[in-house]
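Only a predicted model underlies this, so the values are computations on that prediction, with no experimental measurement involved. These values consider heavy atoms only, across backbone and side chains, with no hydrogens, waters or symmetry-generated copies.
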Amino acid sequence: MINNEAKFIITNNDESADLLLKTGFKLINQSGTQWTFLNDGKMLFNNLSDLVYTNTLCI
């Protein structure tokens, strides 16, 4: 489910990360296979089931 109110989008899939980059989402961190993007309200019209929308980042 797309949540445009969440602050961050996280994925472990390189193809999904590439699509987010091409769509203009700002990459804020990449650690190993985890990619974290800032969700600035852009619309993403793909059925990516491997995205996690969150308001907090925990270490």
Checklist entry - If every non-hydrogen atom of Thr54 is compared with every non-hydrogen atom of Ile10, which pair is closest and at what distance? => result CG2-CD1, 3.8 Å

Checklist entry - What closest approach, in Å, do Thr36 and Leu27 show between heavy atoms, and which atom pair accounts for it? => result O-CD1, 3.4 Å

Item to check | Partner of Trp35 under side chain to side chain donor-acceptor pair (under 3.5 Å), chosen from Asn29, Asn13, Asp14 | outcome: Asp14

Item to check | Minimum-distance pair of heavy atoms, taken over all atoms of Phe8 and Thr56 | outcome: CD1-N, 4.4 Å

Checklist entry - If you look at every heavy atom in Ser16 and Leu51, which pair is closest and at what distance? => result CB-CD2, 4.2 Å

Checklist entry - For the residue pair Leu38 and Lys7, what are the closest heavy atoms and their distance? => result CD1-O, 3.5 Å

Checklist entry - Taking side chain as C-beta onward, heavy atoms only, is Phe25 less than 4.5 Å from Leu19? => result no

Next on the checklist: Let me confirm one number: the CG-OG1 distance from Asp18 to Thr11, rounded to the nearest 0.5 Å.
Outcome noted: 11.5 Å

